[in-house]
J.: 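Structure below; questions to follow.
The analysis underlying the following values was restricted to heavy atoms, covering all of them including side chains, and did not include hydrogens, waters or symmetry mates. Along the sequence shown, residues carry numbers from 1.
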Amino acid sequence: MENFNGFNLPPALIQALQKLGFTKPTPIQAQAIPLALTGRDVLGSAQTGTGKTAAFGIPLVTRLINNPSSAALVLTPTRELATQVLKQLTELIGHPTHIRTALLIGGDSMGKQLGQLRAQPRLIVGTPGRINDHLMRRSVNLSKTDFLVLDETDRMLDMGFGVQLEKIVKHMPTDRQTLMFSATMPTNIMKMAAQYLRNPERIAVGSTIAAAPKIKQELIHMPETEKYGKLVNLLEERNGSIIVFVKTKHGADRLAQKLVKHNHSADAIHGDLRQRQRDRVIQNFRDRKHRIMVATDVAARGLDIPHIEHVINYDLPQAPEDYIHRIGRTARAGAEGSAVCLITPADGEKWRAIHRLMHPGEAPPPRSANAPRRFGNSDKPRSPGGFKGPRKGFGGGPRPFNRGGRSAAKAS
Ligand code: AMP
């Protein structure tokens with residue numbers, strides 16, 4: 001599909017797409033939109049940065065415009081993602097249609113949300129915990145909400161929202177349309193899909209285990225004691241906004257404070273901050289008031305901040321697939337970006353697991369190396385995802401480091 005005209009979308013939506021500068025559907029959009037417009041359930045596997053939001057947003061908005069009695073619910077794992085998704089959906093809705101919306105996320109004022117709910121919104125975006133709170137208070141009624149989107153479902157399950165999702169879905173009509181997206185497709189996701197979707201069409205874009213193609217990746221081996229000094233060098237060598245990933249909440253605070261002390265413009269974001277503080281950190285980063293955001297994996301998925309030029313993995317992630325989500329914060333929508341990984345001798349096994357995930361079937365990297373190693377163009381992930389090369393079918397499932405499951409959510 002060369003442009004959006006062939007989808008027979010409502011004129012208001014075509015106008016909104018033009019305003020957003022979306023002229024050509026991305027591969028996930030080209031696959032998901034026609035299916036969803038016919039009313040099919042969709043099980044989509046796509047990384048963030050591929051245009052996933054509009055892939056479900058365009059059919060969702062079409063339905064709300066064409067069927068005045070329809071209502072939609074979008075569930076996301078984090079408050080930041082919910083905020084961002086609602087922003088894009090509101091842009092797709094545009095002005096003339098007057099579809100009311102509500103953002104139901106934890107940490108936000110109940111009063112404001114109750115006000116939005118009294119206005120009978122036809123589009124609700126939120127996180128599972130807060131939506132359940134509203135269901136319990138009976139301040140929201142989903143019995144006529146006939147369009148459901150589950151975004152980043154694997155992340156929602158990782159964060160322990162499985163039971164909450166089940167409760168929410170029970171309040172919705174069974175003859176609804178459901179679109180479910182997930183970066184990975186482990187067994188628990190497939191089971192959930194079988195439970196919540198009716199005869200879904202499966203689609204996938206790129207490999208679920210490959211990084212976006214325009215990210216230049218660099219690997220630097222060093223002893224633990226030299227990490228901070230190296231980080232400072234990297235920050236000084238680079239222009240533009242930088243996200244630095246660390247393992248723990250405490251580590252994020254400590255590193256940001258240390259950088260500020262050394263005259264770097266930095267702030268920390270992690271799961272212990274109140275919603276308002278998190279919003280402020282992200283806004284300051286968006287507005288370029290802070291050049292450096294030190295983050296735990298809570299910020300690794302979903303956030304769409306167009307100007308992140310560099311990702312530095314100060315600590316490796318707890319689960320290998322989070323590496324792909326982390327570096328996916330840069331090179332969004334076809335832009336270029338760079339990702340650097342600082343690797344200490346203790347990281348050997350973690351790095352090999354990441355390498356295995358990104359280069360299935362290849363020989364593992366050497367156990368130790370002292371010189372910096374680069375793997376830019378000559379050592380790219382094999383099946384680039386992002387905007388290149390749509391591919392049907394699914395890649396491998398996630399491979400946690402330990403069999404006990406992922407601990408990324410805990411660490412954030
Ligand atoms: P997402 O994967 O939904 O987070 O989208 C990643 C980025 O791609 C966002 O900045 C979107 O605004 C942008 N985007 C989505 N669809 C298109 C499109 N068809 N053309 C150009 N940019 C797009």
Side-chain angles (χ1 to χ4, degrees), residues 1-7 9 13-37 40 42-63 72 74 76-77 80-94 125 147 149-155 179-185 201-215 300-308 324-325 327-337 383-392 394-395:
M1 185 73 55
E2 270 309 294
N3 56 44
F4 288 100
N5 295 337
F7 292 135
L9 302 175
L13 184 50
I14 294 277
Q15 266 178 21
L17 288 168
Q18 278 166 356
K19 215 165 150 194
L20 281 167
F22 294 5
T23 49
K24 191 170 170 271
T26 67
I28 186 84
Q29 290 164 6
Q31 290 184 62
I33 294 169
L35 285 169
L37 286 175
R40 287 289 303 266
V42 172
L43 175 58
S45 148
Q47 301 157 44
T48 50
T50 54
K52 184 165 55 82
T53 316
F56 64 75
I58 290 170
L60 180 155
V61 171
T62 302
R63 177 145 171 163
V74 181
T76 74
E80 286 82 10
L81 185 57
T83 309
Q84 197 175 285
V85 164
L86 182 60
K87 182 170 171 283
Q88 182 158 146
L89 296 182
T90 310
E91 285 166 350
L92 290 174
I93 288 169
V125 180
F147 194 101
V149 179
L150 299 163
D151 193 15
E152 303 210 350
T153 312
D154 50 352
R155 190 66 163 174
L179 311 185
M180 182 167 152
F181 289 87
S182 189
T184 56
M185 289 284 165
E201 187 77 35
R202 284 171 60 158
I203 57 171
V205 166
S207 165
T208 55
I209 54 162
K214 290 196 175 171
I215 305 173
R301 291 200 192 192
L303 280 190
D304 181 27
I305 304 173
H307 67 268
I308 296 178
I324 291 152
H325 293 291
I327 66 174
R329 298 308 89 218
T330 182
R332 308 282 285 169
E336 300 224 335
S383 3
F387 279 30
K388 278 190 190 154
R391 189 167 68 80
K392 285 242 174 194
F394 292 91

J.: With sequence neighbours excluded, what pairs up with Thr62 under the side-chain contact (heavy atoms from CB on, under 4.5 Å) test?
T.: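 If we apply the side-chain contact (heavy atoms from CB on, under 4.5 Å) test to Thr62, skipping adjacent residues, the hits are Leu9, Pro10, Leu13, Leu37, Ile58, Asn66.
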
J.: Kindly compute the distance separating CG (Leu43) from OG1 (Thr153), expressed to the nearest 0.5 Å.
T.: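 It is 8.0 Å, given to the nearest 0.5 Å.
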
J.: Quick one: closest heavy-atom pair of Phe7 and Pro34, and the distance?
T.: CE2-CD, 3.6 Å

J.: For a quick test of reading the model, state the closest non-hydrogen atom pair linking Pro77 to Leu81 and the distance between them.
T.: CD-CD2, 3.8 Å

J.: What distance separates Thr53 OG1 from Leu86 CG, expressed to the nearest 0.5 Å?
T.: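 Between Thr53 OG1 and Leu86 CG, I get 11.5 Å after rounding to 0.5 Å.
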
J.: Nearest heavy-atom pair of Gln31 and Ala204: which atoms, and what distance?
T.: NE2-O, 3.2 Å

J.: Going by side-chain contact (heavy atoms from CB on, under 4.5 Å), name the residues that satisfy it together with Ala32, two or more places apart in sequence or in a different chain.
T.: Ala55, Ile203

J.: Taking only residues two or more places apart in sequence, or in another chain, which ones meet Phe147 in a ring-ring contact (aromatic ring centres under 6.0 Å, His included)?
T.: none

J.: Looking only at non-hydrogen atoms, find the nearest pair between Glu201 and Leu35 and report the distance.
T.: CG-CD1, 3.2 Å

J.: Does any part of the side chain of Asp151, heavy atoms only, come nearer than 4.5 Å to the side chain of Lys52, both counted from C-beta?
T.: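 The answer is yes, as the side chains (C-beta and beyond) meet within the 4.5 Å cut-off.
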
J.: Is there side-chain contact between Val85 and Phe56, with at least one heavy-atom pair below 4.5 Å?
T.: yes

J.: Is there a donor-acceptor contact under 3.5 Å from the side chain of Ser182 to the main chain of Ser45?
T.: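 No, because the side chain of Ser182 does not come within donor-acceptor range (under 3.5 Å) of the backbone of Ser45.
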
J.: Taking salt bridge (Lys or Arg N to Asp or Glu O under 4.0 Å) as the cut-off, I'd like each qualifying pair that reaches into residues 83-93, sequence neighbours left out, listed once.
T.: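 The answer is Lys87-Glu91.
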
J.: To the nearest 0.5 Å, tell me how far Leu20 CG sits from Gln15 CD.
T.: 12.0 Å

J.: Would you say that Thr76 contacts Val149 through its side chain, given a criterion of any heavy-atom pair below 4.5 Å between the two side chains?
T.: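 No, too far: nothing below the 4.5 Å cut-off.
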
J.: Any side-chain to backbone donor/acceptor pair from Gln29 onto Gly51? Under 3.5 Å, distance only.
T.: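 Pair found, side chain donor or acceptor close to backbone of Gly51.
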
J.: Who are the side-chain hydrogen bond (donor to acceptor under 3.5 Å, both in side chains) partners of Arg63, not counting sequence neighbours?
T.: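 Partners of Arg63 by the side-chain hydrogen bond (donor to acceptor under 3.5 Å, both in side chains) criterion, ordered by chain and then number, come out as Ser70, Asp146, Gln177.
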
